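We name chains A, B, ... by the order of the sequence lines, and we start the count at 1 in each one. Predicted model, so just to flag it, every value in this text is computed and none were measured.
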Amino acid sequence: MEDPGVRREIIWIISVVALLAVFLGSIAYALSRGYSVASEAEVLPLEKATGLFEPGVKKLGDGRYQVDIVAYIWGFRPSRVELENPREVIIRIYSRDVIHGFQIVGTNVNAMVIPGYITTIVWRPPYNINGTLLTICNEYCGIGHSDMYMEFIIRR
Amino acid sequence: MIGERMFIKITLLISYILLAVGGLFGLLQLVSRTPGAPKLVDVSQYYAILTGHGVFLAILWTAYFILGLAVFVVSSELGKSFRRSLLASSAVLAILGTVVAAYPIVGGLLIGEPTMGAVLYTFYPPLVAHPAFYIGLALVLIGSWVFAAAVFDVFIRWRMENKGSPIPLGTFGVLATLIIWLEATPGLAIEVIHDLIPMSLFGKRVDPLLDRTLFWYFGHPLVYFWLAPAITAWYALIPRILNTELYSTSAAKLAMVVFILASTPVGLHHQFADPGLSVASKTLHTALTYAVAIGSFLTAFNIVMTLARAGIERGGYGLLGWISKLPWRDPVFSSLTLGFLLLGVGGVGGMVNASLNLNNVVHNTLWIVGHFHTTVGGAVTLTFIGVSYLLAPQLFGRSIAGMVAARIQPYLWFTGLVIFSVAYHIAGILGAPRRVYDYTYGGLAPLSWDPLLQAGMIGGLVFWLSGAIFISNLVLTPLLGKPVARLDGSPMLGGGNNSGRASIYDRLSLWIYIAVILIVLAYTIPVAEIFSRGLVQAVCITPQGIRPFG
């Protein structure tokens with residue numbers, strides 16, 4: 001350990017590991033505060049999906065909503081969702097054809113939609129979010145991909 | 001039967017053709033999607049061209065260059081000949097596979113059926129392409145395995161005669177690259193042979209999440225398959241150019257060992273936004289991705305210290321005085337070093353992508369496009385360009401035709417790439433998606449996207465121009481270059497690191513065992529999750545939205 005080259009190397013490795021530990025800690029903190037990513041999924045077999053998953057908005061009360069969306073080539077049903085003072089929005093999305101994406105531009109809502117799997121996202125819209133939000137498919141799904149979008153309208 | 005030199009010439013020639021075609025495709029789609037710029041291609045052609053850009057550059061240009069480079073390095077360092085039958089059969093399989101896989105893309109464009117191959121280079125089912133696309137990929141894979149056998153055959157023969165010697169650094173890098181490839185490719189092989197070929201031929205129903213997981217099992221180590229040779233080139237060549245020694249050979253080998261261990265069990269960081277995979281599995285893959293970053297951090301340290309020591313030896317003083325003493329006019333040095341700097345940018349961005357929470361902001365946005373252009377388009381491609389300036393005179397016996405052009409070209413590439421990537425990173429944070437033909441969204445798209453997309457186009461045009469200069473310089477070299485002596489490769493590679501005894505880093509089988517254990521640990525839970533719910537039976541659909549099997 002007398003070699004200064006080796007000593008510098010070891011100091012560098014320790015600093016790098018410490019930096020990575022800080023990053024990992026920040027992710028653990030975010031998760032502990034209820035940060036939500038798409039993860040647990042319900043499988044809804046494609047041949048049975050008709051009737052079991054219908055698009056629409058349900059008001060659960062107390063600023064809570066459930067929004068069920070069908071993603072298809074090439075659009076979303078419903079194509080427009082209006083929410084009054086939402087505090088918590090449970091968004092569930094289902095595709096019967098190919099893989100799609102679901103991204104509300106300008107927010108952290110960003111998830112994949114995989115045929116047969118119901119994607120569930122819990123979104124707590126920040127208070128400063130207001131007006132019409134462009135919502136797009138962000139995974140290539142065929143030649144109509146860039147025509148596939150909808151609107152989320154938040155009223156305060 | 002072909003010898004080493006012929007094999008190197010053939011694979012490098014094909015790699016440059018792929019670079020030229022893939023680059024042209026890049027230009028066409030870049031301009032077509034930029035608001036305010038002319039639509040050079042229609043929407044169906046756009047996605048065919050985007051597929052070609054990804055397949056030809058990310059997968060094939062890199063792979064062919066690496067084949068040639070690997071043979072050059074191993075035959076120069078170990079002084080042993082390859083088995084010609086293995087070299088020849090790997091080349092035949094790879095070339096045949098390339099032609100077959102290119103048919104739905106290029107052939108589709110030529111016969112006016114551009115959607116035949118328009119499934120992009122990630123080809124997620126149940127989108128389906130012409131069967132030739134998948135069959136060609138399978139042939140390339142099998143060819144790559146034969147190639148790996150050819151290299152290991154040489155290495156094992158050398159090992160028998162040199163028990164106890166350390167593995168020369170260049171060869172060590174080549175072996176690490178091939179080990180990563182062999183860890184990764186079973187995932188792709190299972191996806192393509194078990195699911196996608198039967199899907200495209202007979203309409204087999206597939207589980208899209210399982211296939212996505214298999215794809216990314218392969219897709220992330222693919223990144224290290226590109227990077228390991230580029231990093232090896234820095235380790236082996238930069239000290240030679242500077243007439244010095246690498247700061248630490250053991251740290252270089254340690255970095256490669258980290259890549260062998262942790263490049264594969266990290267694929268879920270491409271699937272953070274997927275339903276059906278638990279947060280626990282995703283967090284495990286985040287942690288392992290951070291572990292693989294240690295290899296890149298070690299490389300950053302080692303190369304910067306090597307550069308600094310060389311600059312100080314040349315009379316540089318003070319904290320930064322060494323920088324101006326480095327041979328920036330040498331195109332080999334500047335390409336390699338600018339490529340190294342771009343890996344720094346890509347590495348920091350990669351830490352963002354690997355973070356489970358930050359990923360939500362950038363997932364599937366132009367940020368990702370900006371990111372991988374700094375890595376595969378910057379660090380890897382610019383390094384391979386630098387290596388080409390070194391190899392071309394060896395192969396042709398001619399000096400580079402245009403030395404002035406060669407001096408300017410790496411800086412042009414670097415500048416264009418930085419403009420392109422910075423603009424696309426910012427556009428991504430503002431939510432602009434990738435893989436899109438038209439950014440208008442019925443007038444709802446944020447106004448902030450347009451100037452960034454336009455700046456990105458300017459950057460892209462600059463590094464496209466740089467690529468065109470490089471390709472024309474290469475074409476002219478055998479015609480106009482002055483005759484020079486052909487050197488053997490060994491003096492160009494680091495000779496000084498072959499002294500002493502083998503260390504723990506040279507025990508490759510140990511690292512392979514640990515890597516396999518890590519892969520099993522990291523993938524057992526996600527795969528079990530997918531199977532425990534019962535597989536989905538998705539019906540394939542073409543990019544035009546047609547179900548060919550009803």
Side-chain angles (χ1 to χ4, degrees), chain A residues 5-6 8-9 12-13 16-17 19-21 23-24 26-28 30-31 35 37-43 45-47 73-74 93 97-99 101 103-120 132 134 136-147 149 151, chain B residues 43-44 47 115 118 120 124 126-127 207-209 212 247-248 251 271-279 282-283 286-287 290 293-294 297-298 301 305 351 355-357 360-361 363-365 430-431 433-439 441-442 444-446 533-534 536-539 541-545:
Chain A
V6 174
R8 283 193 198 114
E9 231 172 279
W12 174 257
I13 293 174
V16 166
V17 172
L19 181 71
L20 296 176
F23 289 169
L24 268 182
S26 74
I27 295 172
L31 289 173
Y35 189 87
V37 292
S39 54
E40 308 307 337
E42 197 184 319
V43 169
L46 292 154
E47 51 283 5
I73 44 175
W74 288 283
I93 320 154
D97 42 50
V98 298
I99 295 182
Q103 179 191 351
I104 305 181
V105 172
T107 74
N108 286 348
V109 176
N110 192 343
M112 302 298 297
V113 186
I114 299 180
Y117 294 83
I118 299 176
T119 300
T120 304
T132 304
L134 170 65
I136 57 176
C137 170
N138 69 3
E139 184 53 79
Y140 173 66
C141 54
I143 53 174
H145 172 49
S146 56
D147 304 325
Y149 60 94
E151 293 169 50
Chain B
V43 63
S44 309
Y47 289 113
T115 55
L120 307 195
Y124 300 135
L127 268 186
D207 185 298
L209 177 60
R212 230 174 107 75
Y247 187 77
S248 167
Q271 297 179 272
F272 284 158
D274 282 19
L277 297 167
S278 66
V279 171
K282 290 173 179 174
T283 310
T286 294
Y290 282 2
I294 293 173
F297 275 112
L298 275 172
F301 175 79
M305 293 305 271
M351 298 302 297
S355 303
L356 180 56
N357 48 355
N360 261 23
V361 181
H363 177 73
N364 271 350
T365 67
L430 297 175
R434 65 191 283 202
R435 304 182 153 178
V436 165
Y437 176 63
D438 193 313
Y439 278 91
Y441 290 108
L444 289 171
R533 285 186 219 95
V536 168
Q537 309 278 321
V539 181
I541 298 178
T542 70
Q544 288 169 302

- Message: Using side-chain heavy atoms (C-beta onward) and a distance below 4.5 Å, is A/Tyr140 in contact with B/Leu127?
- Response: yes

- Quick one: what part of A/Leu20 sits under 4.5 Å from any heavy atom of chain B, side chain, backbone, both or neither? both

- Would you call A/Met112 and B/Gln271 a side-chain contact if the rule is heavy atoms closer than 4.5 Å? no

- Task: Could you tell me which portion of B/Ser278 (side chain, backbone, both or neither) has an atom closer than 4.5 angstrom to a non-hydrogen atom of chain A?
- Result: both

- Item | Interface moiety of A/Leu19 toward chain B, non-hydrogen atoms closer than 4.5 Å | side chain

- Message: Taking every non-hydrogen pair under 4.5 Å, which of B/Gln544, B/Met351, B/Arg434 racks up the most with chain A?
- Response: B/Gln544

- Relative to chain A, which segment of B/Thr542 carries a heavy atom at a distance below 4.5 Å: side chain, backbone, both, or neither? neither

- Query: Any idea which of B/Pro208, B/Pro433, B/Ala287 has the most non-hydrogen atom pairs under 4.5 angstrom with chain A?
  - Reply: B/Pro208

- Message: Quick check on A/Thr132 against chain B: is it the side chain, the backbone, both or neither that has a heavy atom closer than 4.5 Å?
- Response: side chain

- Nearest 0.5 Å, what's the CG-CD1 distance between A/Asp147 and A/Ile73? 12.5 Å

- Task: Measure distances from A/Val98 to the heavy atoms of chain B and classify the residue's part below 4.5 Å as side chain, backbone, both or neither.
- Result: both

- Going by distance alone, is a donor N or O of one side chain under 3.5 Å from an acceptor N or O of the other, for A/Asn110 and B/Asn364? no

- Distance col, row B/Asn357:CG vs A/Ser26:OG, nearest 0.5 angstrom, shows 6.0 Å

- Message: Quick check on the interface: out of A/Ile13, A/Asp97, A/Thr120, who has the most heavy-atom pairs with chain B under 4.5 Å?
- Response: A/Asp97

- Note on the structure: Under 4.5 Å to a heavy atom of chain B? For A/Ile143 that would be both

- Query: A/Glu9 versus chain B, heavy atoms under 4.5 Å apart: side chain, backbone, both or neither?
  - Reply: both

- Query: Quick one: of A/Leu31, A/Val113, A/Val109, who has the most non-hydrogen atom pairs under 4.5 Å with chain B?
  - Reply: A/Leu31

- Item | B/Tyr247 portion near chain A, given a 4.5 angstrom heavy-atom threshold | side chain

- Task: Under 4.5 Å heavy-atom distance to chain A, tell me which part of B/Phe272 shows up: side chain, backbone, both or neither.
- Result: backbone

- Message: Below 30° counts as parallel, above 60° as perpendicular, anything between as tilted: where do the rings of B/Tyr47 and B/Tyr437 land?
- Response: tilted

- Item | Value rounded to 0.5 Å, distance of CD1 in A/Ile114 from CG in B/Leu277 | 7.5 Å

- Query: Which answer fits B/Leu430, side chain, backbone, both or neither, if we ask what part of it has an atom under 4.5 Å from a heavy atom of chain A?
  - Reply: backbone

- Message: Rounded to the nearest 0.5 Å, what separates atom SG in A/Cys141 from atom CZ in B/Arg435?
- Response: 11.0 Å

- Please round to the nearest 0.5 Å and tell me the distance separating atom CG of A/Leu134 and atom OG1 of A/Thr107. 10.5 Å

- CH2 (A/Trp12) and CZ (B/Phe301) are apart, to the nearest 0.5 Å, by 7.5 Å

- Selection from B/Val361, B/Leu209, B/Val279 maximising heavy-atom pairs under 4.5 Å formed with chain A: B/Leu209

